[in-house]
Amino acid sequence: MSGLPESLTPATKKICRTMTDTTIFKARKIITMDPNCPEATHVAVRDGRILAVGDERCADGVGNVRVDERLSGAVLLPGFVEGHAHLMAGGLWDYTYVGYHDRTDPDGQHWPGLTTIEQVIEGLSQQAQKLEPGAPLIAWGFDPIFLSEERLSRHHLDRVGTDRPILVFFSNLHLMCVNGPALGMAGYDSDSRVEGVVKDADGQPTGELQEMAAMFPLMRRLGVDFRHLAQRESAIRAYGRMAVRAGVTTMTDLFSTLSDDDLAVMLQITAGSDYPLRIVPVLGAAGGQAEELAARAKALAAQSSDKLRLGAVKLLTDGSIQGWTARVKWPGYVGGQPNGLWNLAPDQIFELCEVMQREGIQMHVHTNGDEASEVAIEAIEAAARKHPWPGHRHVLQHCQMMGTDQFTRCAELGIAANIFANHIWYFGDQHAALTIGEDRARRMDGCRAALDAGVRIAIHSDAPVTPLGPLFTAWCAVNRQTMSGRTLGAAQRITTLEALYAITMGAAYTLKLDGEIGSIETGKRADFAVLGEDPTAVDPKSLKDVPVLGTVSGGEVHLT
Amino acid sequence: MTDTRLPLTVIGGYLGAGKTTLINRVLSATHGRRLMVLVNDFGAINIDADLLESAEEDTLTLTNGCVCCTMGGDLFMAMADVLDRNPRPDHLLIEASGVADPQKIANAALAEPDMRYGGIVTVVDGRNFSTLTQDSLIGPQVRGQIACADLLYVSKTDGQEAAPALQAINPEAVLADPPTAPIETLLQEFGQTFEARGKPASHPAYTHWTGGGVRMFGRDRLAKLLQQRPDGLVRVKGFVRGDDGIGWLVQVVGRDIDLSRTAQPDKTQLVAIGPSARVNREDCDSWWNEKAPDVQPDALCHPSATDTKFREMDT
Ligand SMILES: [Zn+2]
């Protein structure tokens, strides 16, 4: 403030200060994703937006500046954009993580992966000691697909304790395993004939409960409510902390069922300058009634704020490949399983696409199997013939089995693709061996094919399905390495720069926010990922190991 | 001795089959029950608002209060909300989405101790269902909705025409006969009103049967007997004496046989109903009296003190 004349009144001083309050962040290196100035060392920020990018003189002549040296040892990238995740990823951390893979919780605590049932029992036992006597122990993330030994049963969980109900959700949230006292709460015993209550050879419940109907009595009695997992304040705050740890400054909630009360809470939380994340809730279409969905989407759009962007809708067409519920084209699943299930009938998909297109509402369309993506492309094409809208930017989400033919049609129609790159590492081996076979697994999540066809792409984690971490997601797209260490479909690899573009500008494009975020460029939001190393300089095999130190969101620094 | 569990009836069927029309007919009927309707479809409230309003107004006189709510995917969470309501409704109807598997929803009533299975009604559009069931994309799911039904309700055409094709997919289900039958049949889980409610609603299309006696049963023997009941006897309910001094509360709806413990009655009191076209009283009498002769308790039975639910399709 040294340049202000002494004679100014305090009130005037205050106005001048806000007008000239410019911060220059000095960094080891800034990778901008702006081809006009790909690299820089300084970025000037005013009112939460980027005033200038360049060297130490980039903001000369703008008045008073303050140089912030806190990031001077770091490498800055545009804040990462996660185009496909779910708010529940924050809420689940209210429960104990017992998954196979290492994860870090929103507060930075590292949870090592539990790779045997004995380790799961040990981890649960440690957690039980922290609870009140009799209090339920609820865990999540268990994935039997990675454990080749026996199945988790009530007997294992009874070893953790029979003085409290214990409930372990599997990672897909469609199954759980519970202990004896929990079985008792629901009245499940050898006489139960409820579908989904798994029995052993002696006719006793094993503790495994499959699908919602069988899980429901326990969830009801233990107060587990999926709606609250996503919408309570603690979940929204945890989502923000997770984002900081992953370098993410904008993230979707890609099947939102916002009530007006939920919306008020989200608007209030995200408006705080301490909240480090822009959330893009995308309204889920659980069924038909396209006109009402459009009206609701428009009403929500009108309530958007800088850090809560509403107005798009999500269509859920099929299920998942590893659950054999994705709709796949001939020759189907290699194990001969019947084709999957539609969550929306093809007729509904056509109707929804037509109405959303007519009303100017952007759609994110979940398509795992190639038959589902085919129907989605057909439906968007039919809608586009009736209601031309060159800038619709509808996005196919997951796109796991799409080949060059479908990507080419997407390019022709202006459809973007958000590709589930994390699947290659987590499930690639399973897909090759069990679901769709080697040849189709090689072309899975084909980022190269999409880019070569001229499609705008993003890549995603689908957190909590796989952990949030755009650098890991980029690593998957660059290396296509599976858990067993093999490279699955080398022809579909993309370069590090292409992958970094996909997690910044690419994802911003899919959210129609590329004019505001996605690059470090004058006029855009001052959203940065703060990294400990230069991701373009490391060996591509180490991309996932580049440390994330935090983020800058709207000019506010959040370090982990 | 009353059953306080909330009966759940799931109305399934593909898009446009006429599920909402059926629900509107239920709402407009003077059935004397507090209904709750859950619609498992985004915004799928084509439920007639006038009916709801009049139902609200008529709550006192007709105890016909109806509540509708909508939800996204969290149908089961909404079910928990309904169970927590005070007072609890008398009956829960869920309109499944056009592609939903009604069985997956109805299973909640088999699992949840506070609920009772009230059957799956699948509505079928008689004009287009044969095309739909052949469709390469959606056919399997449409057939699945028909296959799991306890009651098939053909809309828009005469049900008789569609009957052979439907029976080929689901030989066990009862065809609503005729489709314009009084809607009370649905709320009483496919039978007529069992207790007189001022105006006994008897209908010639239905056979009523009552069973009695003082015989005592173990769980397995009673369940087996009920499984062997005459074809078409869609609904059985009442009390049966248990061989361990504790009574059985019997609730049979469609394929579901639900036995739970209750105070030992002085004698068995069973009522049952089915379409006259498929079942008559003589069949019922001979089933009950001949297959279940009045003998000593079956020594092979191991009655359990806990509630028991049977599902014939699982056996
Ligand atoms: Zn998702």
Side-chain angles (χ1 to χ4, degrees), chain A residues 184-197 209 211-221 223-228 230 255-258 283-296 313 316 327 338-348 351-352 371-372 375, chain B residues 14-16 39-46 70-81 83-84 96-101 103-115 132 135-138 140-142 144 219-220 223 256-257 259 304 306-315:
Chain A
M185 287 177 84
Y188 291 151
D189 58 21
S190 58
D191 291 338
S192 296
R193 298 284 193 90
V194 185
E195 203 178 310
V197 177
L209 307 178
E211 296 301 330
M212 273 302 296
M215 305 196 305
F216 164 70
L218 278 168
M219 292 174 64
R220 176 171 175 240
R221 282 164 182 76
V224 181
D225 188 324
F226 285 160
R227 294 168 301 185
H228 300 164
F255 195 95
S256 169
T257 51
L258 280 178
L283 178 65
Q289 300 307 311
E291 304 289 348
E292 290 179 37
L293 182 72
R296 177 72 180 151
V313 299
L316 202 57
R327 288 290 309 196
N339 206 343
L341 298 174
W342 296 102
N343 280 303
L344 288 169
D347 288 349
Q348 286 175 304
E351 189 199 349
L352 284 160
E371 188 177 71
V375 166
Chain B
Y14 189 64
L15 307 165
V39 181
N40 187 28
D41 243 340
F42 177 86
I45 297 284
N46 287 330
T70 321
M71 64 243 117
D74 295 329
L75 175 66
F76 291 88
M77 310 293 132
M79 249 189 257
D81 292 348
L83 285 168
D84 292 342
S97 83
V99 290
D101 178 354
Q103 184 72 63
K104 286 193 175 172
I105 302 170
N107 279 343
L110 300 172
E112 170 55 53
D114 292 343
M115 287 170 107
L132 274 175
D135 187 276
S136 67
L137 294 180
I138 205 68
Q141 275 167 269
V142 174
R219 178 182 53 78
D220 293 350
D256 185 55
I257 296 169
L259 301 179
S304 148
T306 53
D307 290 3
T308 307
K309 296 181 178 205
F310 290 86
R311 187 81 187 150
E312 287 180 12
M313 63 196 300
D314 290 339
T315 61

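Residue numbering restarts at 1 for every chain, and letters A, B, ... go by the order of the sequence lines. On a predicted model such as this, the values are computed, not experimentally measured, just so you know.
Listed for the A:Arg327 side chain is a donor-acceptor partner under 3.5 Å among the backbone atoms of B:Leu137.
Between A:Asp191 atom CG and B:Asp220 atom CG the span is 7.5 Å, to the nearest 0.5 Å. A:Arg221 CZ to B:Asp114 CG: the interatomic distance, rounded to the nearest 0.5 Å, is 5.5 Å. Atom-to-atom distance recorded for A:Leu341:CG and B:Lys104:NZ is 6.0 Å, nearest 0.5 angstrom. A:Met212 contributes atom CE, which lies 3.5 Å from atom CE of B:Met77 (distance to the nearest 0.5 angstrom).
Residue contact with chain B, scored on non-hydrogen atoms closer than 4.5 Å, involves the backbone of A:Val224 exclusively. For A:Ala214, the part sitting under 4.5 Å from any heavy atom of chain B is the backbone (N, CA, C, O) and nothing else. When heavy atoms are compared at a cutoff of 4.5 Å, A:Met215 does not approach chain B at all.
Residues A:Asn343 and B:Val99 come closest through the heavy atom pair O-CG2, 3.3 Å. The heavy-atom pair separating B:Ala111 from A:Ala213 by the smallest distance is CB-O, 3.3 Å. For A:Phe216 against B:Phe76, the heavy-atom pair with the smallest separation is CE1-O, 3.1 Å.
Looking only at side-chain heavy atoms (C-beta outward), B:Ser136 and A:Glu371 stay at 4.5 Å or farther from each other. Using a 4.5 Å cut-off on side-chain heavy atoms (C-beta onward), A:Glu211 and B:Asn107 make no contact.
Counting heavy-atom pairs closer than 4.5 Å to chain B, the top residue among A:Gly196, A:Ser190, A:Pro338, A:Ala345 is A:Ala345.
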